[in-house]
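Worksheet for the structure shown next.
Throughout, numbering of the chain's residues begins at 1 and tracks the sequence.
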Amino acid sequence: MNNLWWKQWHENKRCLAAFMAWMIFGVCYAIAYQMGHKFRAPVGQFSSVASFYATCTAVFLAMRTARGEHTDGTHSFSAALPVSMRRIATVRILGAAATLILPILAAAALMSVALSGELVEQAVPRILGSHVSLPNRETATLAVALGQLWSVTAIAAFAGLELLLVCSVAGCWLRNQSQIRSEEHTS
C-alpha cells in the first residue's frame, strides 16, 4: 500500500507544484490589484481565480485519473501490487483530490493573511435593495471578510471535487465504451 501512495505522490508532485504556483500567483495578483485600485473586493477576485482554477484543474486531473496509468505505461506496475483495483482507484482519486484542493487552501490562507494584516480591505456585502457602490460601502469586519473568503473557498473546492469525480467516472466509462466499440469493429 505504501508503494501505491509513493507512486501516486511521484505522479502528482509536479502537477501540485504547478497548481500551487498558479493559485499563489493568482492571489498575489488579486492582492496587488486591490492594493493599487482599492475596489475593496479581494474575496470576489479570489472567488473568480479559485473557480476558474478548480474547473480547469478538475478536468485535467480527471483525465490523468481515468486514463493516466495506461498513458504512462504504469498500469502493469499497479496491477502487480498485492492490492485490489478498488484500493488503487481510491488512492488515485484521493491523490487527485488533494492535488486539486491543497492549492486552493494555500491561496485562501495567503488571502487570509492579507486580510488580517490589513493589506487589503473587504467591503461589507450588499444589502438587498441598497444601491451603494462597492467603493462607498463600509469596510467589513475581519470576521465577516474571513467568513466570506472561506465560504467561497469551500464552494470552489467542493465544486472542483465534484467535477473531478464526475469527469473521472465519465472518463473511465467512456474508455470502456470505446474499447468495446473498437473490438466490435475489428470482429
Side-chain angles (χ1 to χ4, degrees), residues 1-34 42-81 83-117 119-120 146 148-175:
M1 187 69 176
N2 287 338
N3 288 339
L4 193 57
W5 283 109
W6 176 253
K7 178 182 162 297
Q8 191 61 37
W9 162 248
H10 185 68
E11 287 179 6
N12 286 352
K13 66 183 175 185
R14 280 188 237 110
C15 291
L16 181 61
F19 297 155
M20 193 70 75
W22 178 351
M23 282 303 295
I24 297 300
F25 175 76
V27 166
C28 288
Y29 174 77
I31 291 169
Y33 187 84
Q34 290 298 318
V43 173
Q45 280 189 303
F46 176 83
S47 178
S48 297
V49 169
S51 296
F52 180 71
Y53 160 83
T55 301
C56 295
T57 305
V59 171
F60 175 78
L61 289 171
M63 288 186 312
R64 289 187 50 80
T65 301
R67 196 68 184 143
E69 286 190 345
H70 292 283
T71 303
D72 296 342
T74 59
H75 182 68
S76 59
F77 171 79
S78 297
L81 291 173
V83 292
S84 68
M85 290 304 284
R86 182 176 301 214
R87 191 165 281 171
I88 291 171
T90 301
V91 168
R92 290 189 62 77
I93 290 289
L94 290 176
T99 303
L100 172 76
I101 292 172
L102 287 175
I104 295 174
L105 296 177
L110 182 60
M111 183 62 83
S112 295
V113 169
L115 286 166
S116 299
L119 286 174
V120 292
L146 290 177
Q148 288 178 318
L149 173 66
W150 286 97
S151 292
V152 299
T153 300
I155 290 167
F158 286 123
L161 186 58
E162 180 180 17
L163 184 60
L164 170 71
L165 294 173
V166 167
C167 289
S168 294
V169 168
C172 287
W173 183 78
L174 291 173
R175 182 191 70 211

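To the nearest 0.5 Å, atom OG1 of residue T153 and atom CD of residue Q148 are 11.0 Å apart. The distance from the OG1 atom of T99 to the CZ atom of R14 is 12.5 Å, given to the nearest 0.5 Å. For the atom pair OH (Y53) and CZ (F25), the distance works out to 15.5 Å, reported to the nearest 0.5 Å. With rounding to the nearest 0.5 Å, the separation of OG1 in T65 from CG in N12 is 7.5 Å.
For the pair L100 and A58, the tightest heavy-atom approach, listed with the atom from each and the gap, is CD1-N, 3.9 Å. Taking both residues in full, the closest heavy atoms of V49 and M23 are given as CG1-SD, 3.9 Å, listed atom of the first, atom of the second, then distance. Looking at every heavy atom in both residues, L16 comes nearest to A98 through CD1-O, 4.5 Å. Minimum heavy-atom separation, V120 to Q34: CG1-CB, 3.6 Å. Residues A62 and L164 come closest through the heavy atom pair N-CD1, 3.5 Å. Nearest approach of C167 to V59, heavy atoms of both residues: SG-CG2, 4.4 Å.
With sequence neighbours excluded, no residue forms a side-chain hydrogen bond (donor to acceptor under 3.5 Å, both in side chains) with S47.
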CA sep, side-chain torsions, deciding dist, call: I101, F158, side chain to side chain contact (heavy atoms under 4.5 Å, CB included): CA-CA 9 Å; I101 292 172; F158 286 123; over 6 Å; no

Chi angles and distances behind the side chain to side chain contact (heavy atoms under 4.5 Å, CB included) call for R92, S168: CA-CA 10 Å; R92 290 189 62 77; S168 294; over 6 Å; no

Evaluation steps, side chain to side chain contact (heavy atoms under 4.5 Å, CB included), between L110 and C28: CA-CA 8 Å; L110 182 60; C28 288; 3.9 Å; yes

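Taking the side chain as every heavy atom from C-beta outward, T57 and F60 never approach each other to under 4.5 Å. No side-chain heavy atom of F46 sits under 4.5 Å from any side-chain heavy atom of I31.
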